[in-house]
Amino acid sequence: MTLAEHIVAKSATVGIVGLGYVGLPLAVNLARAGYCVTGIDVSREKVAAINCGESYIQDVAAERVSEQVQAGRLHATADYDGAGELDIIFICVPTPYNESKAPDISYIQSAARSIAAHLRRGQLIVLQSTTYPGTTEEDVLPILESSGLKAGQDFCLAFSPERVDPGNRTFTVENTPKVVGGLTPQCAELTRLLLSSLSAPVIVVSSPRVAEMTKLLENTFRAVNIAMVNEMALLCERMGIDLWEVIQAAASKPFGFMPFSPGPGPGGHCIPVDPHYLAWKARQYDFSTRFIELAAAVNEAMPYHVVSLVGDALNTQRKALKGAKVLVLGVAFKKNIDDARESPARRVIEGLLKEGAEVIYNDPHIPRFSIGGDAIYPTQAMLASQPLDAATVAAQDCLVILAGHSAYDYAWLVRTARLIVDAVDATRGVEGRTGKVVRLGAPL
Ligand SMILES: NC(=O)c1ccc[n+]([C@@H]2O[C@H](COP(=O)([O-])OP(=O)(O)OC[C@H]3O[C@@H](n4cnc5c(N)ncnc54)[C@H](O)[C@@H]3O)[C@@H](O)[C@H]2O)c1
């Protein structure tokens, strides 16, 4: 049987390298579609959790994992010894940036080297990690070909970006269309065939570079629009206009407008990171991506703006930031998720501490939160989420809402707190907020 026939018959075996926010949902969904899936992760804790039928990712229910483990369609391992027996291998490892915001593709390179050691004829390798255009052909391909096999001839190679949106219940891996770019038409077709089993449409583009650029266009689009609306927020504060009301009104236009919300700045593994991958690659072509640089500058300034808003809010009550008791609500990078990577809360808390405030935080999704350890705030600390009881709330000089989790009772918070800075308009519609809540993007 050919690989295409194996894919159609669901007898193809699939490996997922990197069982994180992207890899685990993909592994579970391919297992649910009927494939035998092996997850490979360097984290022994994650491997043990999967094999026990547990989930460590909020969007993946533990029952979904245990169901597939018990059915024998999903198992995990920390070594690559069996990689040669797999028909298809997805690479879903992290792509962070370093301290100078240059791409760090070392995880991709390491995964590719481990796969190359076991590569055999007829396999399909698909890179899913978000990265700059050219990575699949310029970085992954030579590592895989160091095995002596030829890409596009002996084995297939493709890029297919992940579009998972943590916390989004409407659009999941199952119903979000996928984009695929293969080294050859056959590489693309085999990837399309497999991903079609997840039921969402698959769009095939002409090359891995087009697919890589597609993902970066999507994320840069978000970063630039968020920056634009963040700049509007600063202007509206100065002009005494409520931007939240403006956005609602503008969103009534059925064409040509898409609402974006201002806030303390974007976070997560994608929006603050991915555009820098493109900016870095563009410099190799003597090209300066001005929108990306400008958007990053505006977005990265937002946590500092929140710190000054807290100072302004306390000032209205004749209080100083120095010595003030401040409770930060929500350190996840957005509402209702358990991911705090690149969260703007970090810079907000560090900024408040620098100004001499006494800061604690609460987040039902993030039990521990680490700050410091870099040039901006060298002192490292691991903070723990504090209980959100009436005594704690009433004892604070100011509450700062950074992620508008649905778990919070905003009416109760407004009644109980002395003062609130709301960076995400989470208190919208709550009675009695006027005079007590200072909102980002609205008159003081
Ligand atoms: N998180 C998201 O919402 C999201 C959305 C779309 C795309 N992406 C992209 O997907 C990629 C993965 O992101 P993530 O959020 O899933 O990361 P993650 O950190 O949650 O998971 C990555 C996993 O890879 C494992 N790993 C690292 N090196 C390895 C190696 N050599 N071999 C095997 N396992 C290894 C890690 O232990 C970890 O479990 C990134 O490129 C990211 O930009 C993420």
Side-chain angles (χ1 to χ4, degrees), residues 222-251 259-268 271-272 295-317 319 321 324 326-336 340 342-352 354-355 357 359 361-363 396-406 408 410 413-414 417-430 432-444:
R222 277 195 69 73
V224 168
N225 279 285
I226 292 168
M228 195 271 287
V229 85
N230 276 335
E231 189 179 68
M232 285 279 179
L234 306 187
L235 174 65
C236 282
E237 283 172 18
R238 198 168 294 183
M239 293 179 75
I241 296 170
D242 183 340
L243 177 61
W244 301 93
E245 193 186 346
V246 172
I247 293 169
Q248 250 186 333
F260 283 83
S261 302
I271 307 301
V298 173
N299 288 334
E300 284 164 18
M302 292 312 286
Y304 301 90
H305 178 65
V306 173
V307 173
S308 43
L309 267 187
V310 178
D312 295 346
L314 286 165
N315 196 38
T316 63
Q317 302 199 340
K319 285 182 189 165
L321 195 43
V326 179
L327 166 60
V328 170
L329 293 176
V331 296
F333 80 83
K334 65 176 181 175
K335 76 179 203 180
N336 301 340
E342 309 292 332
S343 172
R346 177 179 168 197
R347 294 291 182 227
V348 173
I349 293 175
E350 292 167 352
L352 291 168
K354 267 189 186 170
E355 295 294 330
V359 188
Y361 90 91
N362 170 275
D363 193 317
Q396 305 304 313
D397 294 300
C398 187
L399 266 51
V400 185
I401 303 172
L402 296 183
H405 294 317
S406 307
Y408 291 136
Y410 293 101
L413 286 169
V414 169
R418 293 185 212 163
L419 177 68
I420 297 178
V421 168
D422 182 355
V424 286
D425 202 26
T427 56
R428 179 182 299 190
V430 171
R433 77 167 175 172
T434 312
K436 207 183 232 189
V437 180
V438 170
R439 286 176 303 137
L440 182 144
L444 188 67

Trainee: Verify the neighbour count for atom CZ of Arg222: are there more than 12 heavy atoms of other residues, nucleotides or ligands below 6.0 Å?
Mentor: no
Trainee: State, to 0.1 Å, how close Pro272 and Pro266 come at their nearest heavy-atom pair, and which atoms those are.
Mentor: CG-O, 3.6 Å
Trainee: Is the number of heavy atoms from other residues, nucleotides or ligands under 6.0 Å of Lys436 NZ greater than 12?
Mentor: yes
Trainee: Mind checking what makes salt bridge (charged side-chain N to carboxylate O under 4.0 Å, His left out) contact with Lys319, not counting sequence neighbours?
Mentor: Asp397
Trainee: Sequence neighbours left out, what pairs pass salt bridge (charged side-chain N to carboxylate O under 4.0 Å, His left out) with at least one residue falling in residues 298-307?
Mentor: Lys101-Glu300
Trainee: My understanding is that only residues two or more places apart in sequence, or in another chain, count here; which of them pass side chain to side chain contact (heavy atoms under 4.5 Å, CB included) with Ala251?
Mentor: Phe257, Pro259
Trainee: Is any side-chain heavy atom of Leu402 closer than 4.5 Å to one of Tyr361?
Mentor: no
Trainee: Can you list the residues that meet the side chain to side chain contact (heavy atoms under 4.5 Å, CB included) rule with Ala227, with sequence neighbours excluded?
Mentor: Ala295, Val298, Asn299
Trainee: Is there a side chain to side chain contact (heavy atoms under 4.5 Å, CB included) between Val437 and Ile401? Walk through the geometry before answering.
Mentor: CA-CA 10 Å; Val437 180; Ile401 303 172; over 6 Å; no
Trainee: Using the side chain to side chain contact (heavy atoms under 4.5 Å, CB included) criterion, which residues pair with Val229? Sequence neighbours excluded.
Mentor: Leu243, Ile247, Phe260, Pro262
Trainee: Which atom names give the shortest non-hydrogen contact between Gly330 and Ala345, and what distance separates them?
Mentor: O-CB, 4.4 Å
Trainee: Rounded to the nearest 0.5 Å, how far does CG of Leu327 lie from CD of Gln396?
Mentor: 5.0 Å
Trainee: Determine whether Val421 and Cys398 make a side-chain contact, defined as any pair of heavy atoms from C-beta on separated by less than 4.5 Å.
Mentor: yes
Trainee: Under the side chain to side chain donor-acceptor pair (under 3.5 Å) rule, collect the residues that match up with Ser406, sequence neighbours excluded.
Mentor: Asn336
Trainee: I'd like to check the side chain to side chain donor-acceptor pair (under 3.5 Å) partners of Thr427; sequence neighbours left out, ordered by chain and number.
Mentor: Asp422, Arg433
Trainee: Checking Glu350 now: which residues fulfil side chain to side chain contact (heavy atoms under 4.5 Å, CB included) with it, not counting sequence neighbours?
Mentor: Arg346, Arg347, Ile371, Ile376, Tyr377
Trainee: With a 4.5 Å heavy-atom cut-off, do Val331 and Ile349 have their side chains touching?
Mentor: yes
Trainee: Could you check if a side-chain atom of Val307 sits within less than 4.5 angstrom of a side-chain atom of Tyr304, using non-hydrogen atoms only?
Mentor: no
Trainee: Atom OG in Ser261, atom CG in Leu440: separation rounded to 0.5 Å?
Mentor: 11.0 Å
Trainee: How long is the straight-line distance from CG of Leu309 back to CG of Leu314, given to the nearest 0.5 Å?
Mentor: 11.0 Å
Trainee: Which value, rounded to the nearest 0.5 Å, describes the distance between Lys334 atom NZ and Ile271 atom CD1?
Mentor: 8.5 Å
Trainee: The test is side chain to side chain contact (heavy atoms under 4.5 Å, CB included); show your working for Leu413 and Leu329 and say whether it passes.
Mentor: CA-CA 10 Å; Leu413 286 169; Leu329 293 176; 3.7 Å; yes
Trainee: So does Gln317 have more than 12 non-hydrogen atoms from other groups sitting under 6.0 Å from CD?
Mentor: yes
Trainee: What residue pairs, at least two apart or across chains, pass salt bridge (charged side-chain N to carboxylate O under 4.0 Å, His left out) with a residue in residues 304-314?
Mentor: none
Trainee: If a pair satisfies side chain to side chain donor-acceptor pair (under 3.5 Å) and one of its residues is in residues 231-244, list it, with sequence neighbours excluded.
Mentor: Glu237-His305, Asp242-Arg439
Trainee: Considering residues at least two apart in sequence or located in another chain, which fulfil the side chain to side chain donor-acceptor pair (under 3.5 Å) criterion with Asn362?
Mentor: Tyr408
Trainee: Could you pull out the closest heavy-atom pair between Pro344 and Gly265, with the gap in Å?
Mentor: CG-O, 2.9 Å
Trainee: Please examine the side chains of Thr316 and Val438, heavy atoms only from C-beta on, and report whether any two atoms are closer than 4.5 Å.
Mentor: no
Trainee: Determine whether Val348 and Val310 make a side-chain contact, defined as any pair of heavy atoms from C-beta on separated by less than 4.5 Å.
Mentor: no
Trainee: Where do Ala417 and Leu399 come nearest, in terms of heavy atoms and distance?
Mentor: CB-CD2, 3.7 Å
Trainee: Taking all non-hydrogen atoms of both residues, which atom of Ala332 and which atom of Ala403 are closest, and how far apart?
Mentor: O-CB, 3.7 Å
Trainee: Between Ala426 and Gly404, which heavy-atom pair has the shortest distance, and what is it?
Mentor: CB-CA, 3.9 Å
